[in-house]
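Chain letters run A, B, ... following the sequence lines, proteins first, then strands; residues in each count from 1.
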Amino acid sequence: SDKSIALSNNYAGNSWRQAMLESWQKVTAQAVEEGVVSAADAFTTAENQATEQAAQIQNMILQGYDAIVINSASPTALNGAVKEACDAGIVVVSFDGIVTEPCAWRIAVDFQEMGRQQVEYLASRLPEGGNLLEIRGLAGVFVDDEIHAGIAAGVQEHPDFKVAAAVNGDWAQDVAQKAVAGVLPSLPDIAGVVTQGGDGYGAAQAFAASGRDMPIIVMGNRHDEMEWWKQAHEENGYETVSLSIAPGVSTLAFWVAQQVLDGADVPKDLTVPFLKVTQEDLEEVLASTQAGGVANVEYTLDDAKAVISDAAQ
Amino acid sequence: MSRPDASAAHPPHRHGDKPVTSLLSILRKPWLWAFIAAGAAFVATAAVTQAGGWGLGMTALTFAAFSVLVGIGQMFVITLGPGNVDLSIPATMTLAGTLALKAMAGDPAMIPVGLAIALASGLAVGVVNYGLIRLLSIPPIIATLSASFLIQSAAIWSNRGLRVKPPQALADFATGRALGVPNVAVVALLVAVLAWVVLERALAGRRVLAIGQNMRAARLAGVPVDAVRFATYVSCAVLAGLAGFLLASFSGGAALNMGAEYLLMSIAVVVIGGSSIAGGNSNVPGIWGASLFMFLIVSMLNSYGAGAGVRMILTGVIIIAIVAAAGGRKVSR
Amino acid sequence: MNRDQLRILLPVVSLAVLLGAVFWLQPRAMSYLGLNLLFNLAVPIALATIAQMLIIMVNDLDLSIGTFVSFVACVTATLVQTDPVLGYLVLAAGIAGYAAMGALIHLRNLPAIVVTLGMSFVWGGLAVLILPSPGGASPEWLRSLMTVKPPLVPMAIVASVVIAVAAHLLVRRSAFGVVLRGVGGNAASVERAGWSVLKAKAAAYALAGFFGTLSGMALVGLTTAADANIALRYTLLSIAGVILGGGEFTGGRVSPVGAVIGALTLALAGSFLSFMRLSPDWQIGAQGAILILVLAVRLLVSRGRGRRVAA
Amino acid sequence: MSDQTDTTPVVALENARKLFGAVRALDGVTLAIAPGECLGLVGHNGAGKSTLVNLVNGGLNLTEGTIRLGAGTASPETSIAAARAAGVRCVFQELSLCPNLTVTENVRIPHRGLTGRGWRRRARAIVAEKLAEIFPGHAIDPGAAVGALSIAERQMVEIAIAFSVFDEPPRLVILDEPTSSLDAGLAEQLLAHVRRFCAAGGAVIFISHMLGEILDIASRIVVMKDGRITEERARGGFDRQGLVDAMGHVAAEGAEDPRAAARSLEGAEVVISTPGGLTARRGEIVGLAGLGGHGQAEALEQICLARSSSWKGTRSPKVAFVAGDRARDGLFPIWSILRNATLSRLPALTRRGLVDRAAEEEMAAEWRRRIGIRTDDMDNPILSLSGGNQQKVLFARALGTSAPVVLMDDPMRGVDVGTKRDVYDMIRAEAAGGRTFIWYSTETEEVCQCDRVYVFRLGRIAAELTGAEITEENILAASFEMEAAE
Ligand SMILES: Nc1ncnc2c1ncn2[C@@H]1O[C@H](COP(=O)(O)OP(=O)(O)OP(=O)(O)O)[C@@H](O)[C@H]1O
Ligand SMILES: Nc1ncnc2c1ncn2[C@@H]1O[C@H](COP(=O)(O)OP(=O)(O)OP(=O)(O)O)[C@@H](O)[C@H]1O
Ligand SMILES: [Mg+2]
Ligand SMILES: [Mg+2]
C-alpha cells in the first residue's frame, strides 16, 4: 500500500532502546520491501525529553505520515501533540511508554504486575520473608512509578517482607552500582533485591565487593545479568528470575498501526506480556540473546493479529 | 572574551593582618569546607552502619575516584575563565569505554591497546572541541555540547550499545585494592598529585591561571594562549577517556548512558571544592573533598531512607550551604 | 555596521536561511497550520531563554532554569488546577525564591553557577514531591490561550513577537533596564553612583523567575500535562538561545529580540533535521552538527571585522 | 550657582584617618573645600589621594575622624546618597562607565531621577549639551556604545556626565587624574572649563601628576605624602621645583629637563620594520605621537602579536609589552603583586617545567627595589596597590624579560613625577645597552625624548620626525595636517 508510518522514539541511550530500534529496522525493512507499507522511518530525539518529542510529532504531522508509532517520554505530556495528530487524521499507536490521550492506541505492559511478580517470586523462594532492597529508576518517570507501585502492592500481600531501603539507579548500570554500594554498609541482612531492569548485574557487583551474602537479585533480561546468573548457578546453585519487556514490542506496534490503517477493527487498549526468564529456560534464552544485548522477541503480522483478536474477545 | 573592567569585578581584598597563625591560614582555605562537609556526611552515615566506617570509607574512595578524574579535567577547563566548560565529558567517557572494550574483546593481552584507544579517543575529542572553539569561534559551552552529540552518535554507531565484558584481569584491577586502598582511588590520587604540581608549581599551570583572569593580558605578556587552551581541553578529554575506561572496566562493560551523571557532577565537584568559577583560581584537594562529599551525601540520605524528592532537595540545600559558608572569591597566594 | 546591529542581524539571517531550507524540504510547512506546528513549542523555550538572558545580563549563569520550569509546570498542572489560590501562591514563592537566590549570590559573593546548580536539585526535588508520576492537567483557560487561533498569523508567531517586544521594552528601553544592564557592564560604577547592586541583582533574578514561570505555564498549556523532568533540557537550550541571539556571557551585552530569535532557530533546527530523514544512528549527532553549523555562520560574518586579540 | 558670598565649605574633613588592615592610606587629614575654589591635590603614587576621593564621595567610611557635607553636621559616616545630595560628583581614576551601555544610557546611571517617558531624549540632551560645552568640536555620538569609544572619548564622556546638571546642580566635582588619557588639546579644553566652573562658584578637587596643570589651574595646592598633608599653599606659593621637592622626591641634578638630545642611530641594525612604514633600530627609542585614538595603540598591538606566538612560548621573547589600559591589557586581578610581576619572565625561571620559586622571589624583590613598588609584601594582592604602583608592576614585568624590543602603550598614565624620572632613566640606560623601545605617549613632553617620532593620524603614519625636527610644534602640526588638507 502507499501508507507511511513513522516511529517517534525519545531515547536511544541504552541497550534496550538500541535493540528496540534494531528490531524495528529489521521488521519494517522487510515490510517496505514487500510493499506492505511505503515507508517506515524511525526518528530519535537527542535527549529523553517530552518537549522535544512533542515537537518531533508535530513535524511528523507536517511530513504527512499516515500513522505515528510512539514510545513516549511521558504518558501525558505528549497529549497535546497526539491530539493534533489525531485531528489531522493520523493514526497514533503508543507502546512501552504509552500516552493517555483517548484517540491513540495503547500497547501497554503491565508494569505494576511486573513489580508485583518480583515479590511473589521472592515469597515463593523465601517463605519466611526478609529485608528487601529496591532499586528504582529515574524519579518522576511513569515506568518507575508503576513498577514501584507494583512492588509496594507485592510487599503488602506478603507482609513478611520489608523494603529496608530504596535507591534510585536511574536505569543506568553505573549509577545503580554506586547507589547500592553507598547504602549497603548501613543495611541489615538483605534477602532479596527487586529491580526495574538492567540493574541486577551492578547490584551483584556491589554485593560481591561488600563481602556480604549474595541475596536473590531479580534480573532484567540483560545478557550480562543472565550470564552472571548462569555462572553463579553452576558454582553454587544460585537461582533467581528475570523479567523485562521485550524490545521487539516496537514491531508489534508497527503491525498494529498497519492493521488500523488497513481498516481492521482494533481495540484501543492492548496488553503484551512481559518476557520472563526462569531457571528452566535460562540456557535457551541466553543462547538466543546477542552477546551484550537484551533478550528479545520480534512479532510477525500473524502474531499481531493474534494479539488483536485476543484483546477483542 | 576580555573583561572590560577587571578591577571592578574583583574588589580588592582587605589584607594586612599578616602574622596569622598557620591554623588560621588553613581555616581560610576554600577546600576545607568540602572536607568538613564530607566528614560530617561520613560520620552521619557511619553512625547507622552495622560494620563501622571502614567499608563505607573504601566504597566512598572508590566512587569518588571517578568524579575526581573528570573533576580535575573540568577544573582546568573552568579555570580558563568565564564561559569555559566541557560538556562533552559523559559522551567522551562512553565513547572511550565502548571503543576500548570492543577492541579488547575480553582478551587480557589487549589491555594496553584498549587503554591506548581510550586515551586516544579522549585526545581526538579534545582536538575536535578546541577546533570548534578556536577555528569556528563557537562559545565553549555550546561547542562541547554539540560535540557531545556527535561523540554519542559515534559511540552508538560503533557498537550499538552492546555490552562487551572487560578482560578479567582488568576487571579485577578496577575493582581490586592495593594495601587495602581501592586501585581506582590510587590512580585518581596520582592524577590529583600530578594536577596539583602542574597547577601550583609548573609554568603551564601558571599560564592557565593567567589566561583565566585576563586572556588578552596573558597574550600580550607572551603567554602562548592557544597552546595552553588547547592542551587544557585535550587533557580534560583524555582524563574523561581514562575515567570512562576505568568505569567501564569497573562496572563490567560500557553502557551508552554511562557517565551521564558526570556532566553535573564534574562541575559540582569543581565549584564545591573551592575553585572560583570566574576562572583564575583553582584547587586540587577540594576536588577530592567535594567528590567524597557528593558520594557520601547520597549514601547518607539513602541510609536515612529519604525518598528521591527529599534527597534532591537536601542535596541542593547542602551544596548551597557549603558554598555560602566557604564564602566568596579568595585572592590567591 | 556597528556591533549592535551586527548582533541582531546575524540571528535574523540564520533564522531566515534555516526557514528557507525547511520550506524547501517541506513545502507544507509554508502555511498557517504549518508555521504553528513548527513554532508553537518554541514559545516556552523563548520565555525560558529570556529568563536565562536576564541572568546572563548580570554576568551570572543559571543552571537551574530547566528544573525550575519543570517545577512550575508541575505546580501549574496540579495545584493551580485543584487549588488556584495555593497554586498561585506557590508560583509567587518560586519567583521570590529566585530573588532570594540573586540576593544570596551577591551578598556572599558566590559563584552563581554553583548556587543555581544547587537550586536545580531543590527545584527538581520539589517537582518530584509535587508530581511523583507524570500527569496533572492544564487549567482550561491556559489550554485555550495557548491553542487560540488568531486570524492571519498563527498563535506561535504572535506570542513570539509579543515576548520579544515586551522583553525589549523592559530590558533595552526602560530606565530600569538600563540600570540592570549597567550592573552587568560595570557593577562597581553602578554601586558608586548610589544604586544598590543587591536590589538590582535580586530584581534581575526575580524577573528571570517571572519569565521562567511564564515558560512553565505556557508549556503546560501546550502539552496539557506535566512531569518532573519535562523541561530539563531548557537549561542548555536557553543558554544556546542567548548565545545564538548574539548575547555574550560577560559584560551585560544581551539582546532580547535576538534571544527570542535564537530560541526559534533552535526549535527550527530540530524540525529541519526531522525533514532530512537521516539514519537513526546519526540523528543525535546531527543535532550537534546543526548547532555547529548555525553558530559557524556567525564567524563568516564577523571574520572580516575589527581586531580580535586572542579572543 | 550659589552666590559668591556663601563661604560654608562644601566638604570639610576633620582629622580623617583610613586604614586598610595595617596600611594607613590616610593618616589624619584635615581639609575643607570652599565654593569657587579649585584645589590641586598632588602626591606620590600611593600617597592616599584616591582614598581621599572615595571618602568624600561616600564610597568608603572613615576609620577615625569626621566628615561634614555642606551645612550638615560632622559625622564619622557618610553615604554615597548623602554625598550626591550635597552636590558631590566624581570622575574616578579608573574609568567607571558601563561599556555595554550607550553614552546616553550612561547618563541614567548617576541620575536616579531620570525616568519616565522620554527619559532617553532628556538624557541625550543633557550629555550632548555638556560635551559641546566642555569639548567643543568633539565627535562623540551619544547613541554609541561606550565600549566602542576610545579611552580618551570615554574620559570625556565621564567628565561631561560629572559636570552635567540634573535635579541637584554639581557643587563639588572631584577629578582624579582626568587628563591622564587626554591629549594636550583636550586637556586644555578641560582646564578652561574648570576655570569657568569655579568662577561660577563651583568647587573642584583636581588630582594630577602633571604638575604643570596643577600649577596652572589650582587656586590652592595641597601636597600629600604617605597619607598626610605635608604642605598647603595658595596659588603662586609653589614653583615646579618647589612642588617636586614638597612631594619628597629629590630630583636628580640635570634631570630637570626631560629632553635629552636625540641620538642618531643611522648605522644600527633595524630590528622592527612594519608594512605600515614603522622602523626601529637597535638601541633606539621610537616615539608614537598624534591625537589619542588614531591607531597608535593598534600599531603597537599588531607588532606585539606578530612577533610573539600564541602556540609556542619562549624563554627569550622578541618583544615585551607595557600596557596603559591596565585593567584590560595588563592586570591579573586576583593574583599577587609577585605573580603579576614575574609572568613574562617565568619561562626563564623554569627548570624542567617547574617554576624555580626562589629565583622568582628574587626577581620580584629586585624589581620592587629598582622601581620602588610601595608595598610591605610582594605577596599582597595586586589590587591593593594604588594605580601608579600597579603601573610600576607592569613595567617590571616587561623590563624584567630579556626581550630586545619593549612596546609601551602610554605607560606613564598615573605615574608620579619621581617615578617617571626613574623610569625615564631606566629606559635610557636600557636603550644605551641595546634595547629598542617603541613608546606611545599622550604627553608630548615624553615623546620629545625619543630618537625618532612617528606621528599618527587616522590610523596611518602621517609624519616621521628625527633629530632636531622633534618639537612640540612639528608634532602638533603633523597631527592636524591631514585634517587641514581634507
Ligand atoms: N532514561 C529512560 N527514560 C525513560 N524510560 C526509560 C529510560 N531508560 C529505560 N526506560 C524504560 O525502562 C524500561 C526498561 O528498560 P531499562 O531501563 O531496563 O533499560 P536499561 O537498563 O537502561 O538498559 P541497559 O542498562 O541494558 O543499557 C523500558 O520501558 C524503557 O523504555
Ligand atoms: N582596598 C584597599 N586595600 C588595601 N590597601 C589599599 C586599598 N586601597 C588603597 N590601598 C592602599 O592605600 C594607599 C593609598 O592608595 P591611593 O589609591 O589612595 O593612592 P593614590 O594617591 O591615589 O596613588 P596613585 O597616584 O598611584 O593613584 C596605597 O598604599 C594603597 O596600596
Ligand atoms: Mg589614585
Ligand atoms: Mg595615579
As an exercise, state the distance from CG of B/N214 to CZ of D/R326, rounded to the nearest 0.5 Å. 13.0 Å
Does any part of the side chain of D/W335, heavy atoms only, come nearer than 4.5 Å to the side chain of B/R206, both counted from C-beta? yes
For B/A231, which atoms come within 4.5 Å of any heavy atom of chain D: side chain, backbone, both, or neither? neither
Where D/S344 and B/A221 come nearest, the two heavy atoms and their spacing: OG-O, 2.8 Å
When the 4.5 angstrom heavy-atom criterion is applied to D/L343 and chain B, the contacting part is side chain
Indicate yes or no: at least one non-hydrogen side-chain atom of D/P347 is less than 4.5 angstrom from one of B/R207. yes
With chain B as the partner, which of D/V355, D/L407, D/D356 has the greatest number of non-hydrogen pairs under 4.5 Å? D/V355
Below 4.5 Å from any heavy atom of chain B, which atoms of D/S309 appear? Answer side chain, backbone, both or neither. backbone
Under 4.5 Å between any side-chain heavy atoms of D/R339 and B/Q213, yes or no? no
More than 12 heavy atoms of other residues, nucleotides or ligands under 6.0 Å from CZ of D/R352: is that the case? no
Can you tell me how far CG of B/L209 sits from CD1 of D/I334, rounded to the nearest 0.5 angstrom? 8.0 Å
The test is side chain to side chain contact (heavy atoms under 4.5 Å, CB included); show your working for D/C304 and B/R219 and say whether it passes. CA-CA 9 Å; D/C304 179; B/R219 176 69 180 85; 5.6 Å; no
Given the options D/T401, D/L354, D/V322, D/D329, which has more heavy-atom pairs under 4.5 Å with chain B than any of the others? D/D329
Atom pair CZ/CH2 of B/R229 and D/W311 - distance to nearest 0.5 Å: 9.5 Å
State whether D/E301 and B/R216 are salt-bridged, where the test is any N-O pair (Lys NZ or Arg NE/NH1/NH2 against Asp/Glu carboxylate O) under 4.0 Å. yes
Please indicate whether D/R24 has more than 12 foreign heavy atoms, meaning atoms of other residues, nucleotides or ligands, lying under 6.0 Å from its CZ. no
